[in-house]
Amino acid sequence: MSTIRPTPGLEDLRLYDSRTRRVQPFVPLAPPRVGIYSCGPTVYAPQHLGNMRSQVIPDLLRRVITAAGYEVTYVTNITDVGHLVSDADDGDDKLERAAAATGRSAAEIAEHFTEQWATDRRRLGCQEPDIVPRAASHIPEQIAMVEILQAQGHTYVVDDGVYFDVSTFPRYAEFAGLDLDEMTTSGRIEHIEAKRHPADFALWKLTPPGVVRQQEWDSPWGRGFPGWHIECSTMATKYLGERFDIHTGGVDHQRVHHTNEVAQSECVLDVHPWVGTWMHNEFLDLGGAKISKSKGDVLVVDTIVERGLDPLAFRYFTFQAHYRQQQAFSWEAMEAANTALRRLVGHAAVARAAGGMSNPAAVDPYRRRFWSALADDLKAPQALAVVWEAVRDPGLSSADTWAFLTDADRALGLGLADAVAPNADERGSDPRIDGLVAQRQAARAAKDFATSDRLRDALSAEGIEILDTPTGTTWRRSGG
Ligand code: AMP
Ligand code: ZN
């Protein structure tokens with residue numbers, strides 16, 4: 001007896017699991033419930049567009065899992081303490097350092113950048129998380145977890161803090177395919193003298209004598225603050241249970257942060273595997289586009305808006321590459337994504353305005369192909385290709401197009417389901433006209449010249465002149 005009613009095309013959802021390193025059927029632990037934990041922002045600086053890629057992709061995942069008929073609990077944390085400037089447990093806490101540099105309090109900085117992140121998520125069409133736990137609000141739980149690890153014999157204490165001894169967890173290197181011997185000989189990350197092995201990691205950092213920190217708490221080992229990795233183990237377990245379905249994060253987290261989360265959690269909870277599917281998205285390559293956080297010239301969602309582009313164009317752009325591929329950022333690509341999005345919204349607005357009843361026999365094959373592309377390890381570029389095929393298909397009525405686009409928008413979240421045909425904005429762009437021009441292009445491509453001429457005449461009657469150029473079709477207001 002199953003209560004799961006997947007959207008047609010999503011019956012066979014497969015996801016790549018970076019732990020087992022293969023695409024496998026998605027089988028939740030306790031259907032219909034599905035728990036997803038995404039590593040959230042370290043709120044000491046703005047979240048740049050690369051960081052936001054690591055928000056948009058799990059949002060797509062969550063929407064697809066929901067469309068597959070499951071009830072998702074989506075948890076993403078706020079790292080407001082414990083994330084050090086170096087992955088090797090060296091250097092200062094990022095929040096503490098930002099506070100010292102700016103003269104603002106760590107709490108104020110955390111609040112400010114948490115707000116920026118939440119606002120930008122919304123502007124990128126991400127659904128609200130169900131739970132957004134903050135590390136600094138979960139100190140007793142983190143201490144409790146470290147105490148269990150200590151009682152189990154997985155830790156040692158040095159002047160600088162409490163460390164996890166990776167030699168006590170034989171599976172440590174398995175998760176990310178690490179070579180632990182290579183780490184000891186290369187001396188690559190050997191910063192803390194007292195560490196027994198470079199891969200050993202901090203569970204609790206002690207405040208040095210004579211130092212007062214903005215964020216520090218008493219613990220059985222002395223005053224200090226938790227290590228970064230323990231927060232995710234603690235909060236994921238607290239809100240999703242001892243085992244859960246999906247954990248996401250950028251690829252950079254696999255070798256250290258997630259490897260350490262697994263070690264702590266599997267020891268404390270005595271489970272294996274702790275998480276059903278590990279999803280690591282590749283990076284947005286910001287390449288030439290400077291992202292120096294200190295100079296304040298970070299590429300953020302605001303930068304897109306200042307350029308006169310729709311923030312959702314970044315979402316569209318993100319879907320143009322598969323999540324396991326690096327994607328290169330460029331303004332040309334963003335402009336192109338913006339144009340494509342405008343056209344798509346235009347199609348939706350025109351289709352909606354036409355009204356009428358859709359014909360399932362015409363729409364369903366497109367729906368099935370769209371969702372099947374996403375069922376295949378979230379192949380968003382292929383899903384977008386199906387969308388364009390549908391809007392250009394002269395065999396679909398406006399009502400069919402509208403029915404398809406509103407359905408697809410459950411995953412895409414591109415505002416298609418809200419598309420209306422407003423009057424032209426001050427820059428002269430107009431989604432309704434974009435849509436009509438695109439319809440005419442589709443008619444021409446299908447050699448349906450009667451329709452294409454009718455659309456040209458209708459636009460001309462409104463004072464819109466269509467310009468066919470070698471690079472595509474644009475329009476302008478005659479006399480303008
Ligand atoms: P942080 O605020 O540094 O903790 O990073 C938040 C998230 O952004 C993590 O999941 C990182 O893996 C991810 N991330 C950082 N840089 C990029 C990038 N250029 N592209 C995609 N994700 C990134
Ligand atoms: Zn994390």
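Only this structure's heavy atoms are used, side chains among them; waters, hydrogens and symmetry mates stay out. Order of appearance sets the numbers: ligands from 1, and atoms from 1 within every ligand.
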Full working for salt bridge (charged side-chain N to carboxylate O under 4.0 Å, His left out) between Arg63 and Asp59: CA-CA 6 Å; Arg63 287 164 175 267; Asp59 182 70; 2.9 Å; yes
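- The shortest N or O to N or O distance between Ser54 and ligand 1 is below 3.5 Å.
- For Gly249, no nitrogen or oxygen atom sits less than 3.5 Å from a nitrogen or oxygen atom of ligand 1, counting backbone and side chain alike.
- In this structure, Arg196 satisfies the cation-pi test against Tyr156, with its NZ or CZ atom closer than 6.0 Å to the six-membered ring centre and inside 45 degrees of the ring normal.
- Near Asp252, with a cut-off below 4.0 Å to any heavy atom, the atoms of ligand 1 are 11 (C), 12 (O).
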Could you walk me through whether Lys195 and Asp160 satisfy the salt bridge (charged side-chain N to carboxylate O under 4.0 Å, His left out) test, starting with their C-alpha distance in whole Å, then the side-chain angles of each, then the deciding distance to 0.1 Å, before giving a yes or no? CA-CA 10 Å; Lys195 265 208 229 184; Asp160 159 81; over 6 Å; no
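- Among the atoms of Cys39, an N, O or S atom falls under 2.8 Å of the Zn ion (ligand 2).
- For the Zn ion (ligand 2), the set of nearby N, O or S atoms under 2.8 Å includes none belonging to His253.
- Taking only nitrogen or oxygen atoms, main chain and side chain alike, Phe283 does not reach within less than 3.5 Å of ligand 1.
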With side-chain hydrogen bond (donor to acceptor under 3.5 Å, both in side chains) as the criterion, how do Gln24 and Thr20 come out once you've worked through the C-alpha distance, each side chain's angles and the decisive distance to 0.1 Å? CA-CA 9 Å; Gln24 54 195 37; Thr20 53; 3.0 Å; yes
Applying salt bridge (charged side-chain N to carboxylate O under 4.0 Å, His left out) to Glu282 and Arg53, what does each step give before you reach the verdict? CA-CA 9 Å; Glu282 256 298 346; Arg53 175 178 164 85; over 6 Å; no
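- Residue Trp228 has no nitrogen or oxygen atom sitting less than 3.5 Å from a nitrogen or oxygen atom of ligand 1, judged on distance alone.
- With 3.5 Å as the limit, one finds a donor-acceptor pair spanning the side chains of Glu231 and Thr79.
- Ligand 1 has an N or O atom lying under 3.5 Å from an N or O atom of Leu284, backbone or side chain.
- Ligand 1 has a nitrogen or oxygen under 3.5 angstrom from a nitrogen or oxygen of Asn51.
- Contact annotation: His229 places no N, O or S atom under 2.8 Å from the Zn ion (ligand 2).
- Classification of the Tyr172-Phe201 ring pair by plane angle, with boundaries at 30° and 60°, yields parallel.
- The aromatic rings of Trp228 and His257 lie parallel to each other, their planes meeting at an angle below 30°, with 60° marking the opposite boundary.
- Under a 4.0 Å criterion applied to the non-hydrogen atoms of Pro41, ligand 1 contributes the atoms 2 (O).
- Taking the six-membered ring where the residue is Trp, Trp278 and Trp274 present tilted rings, their angle falling between 30° and 60°.
- Heavy-atom separations between Gln47 and ligand 1 include at least one value shorter than 4.0 Å.
- Which parts of ligand 1 touch Thr42 is read off a 4.0 Å heavy-atom cut-off, strictly below it: atoms 1 (P), 2 (O), 4 (O).
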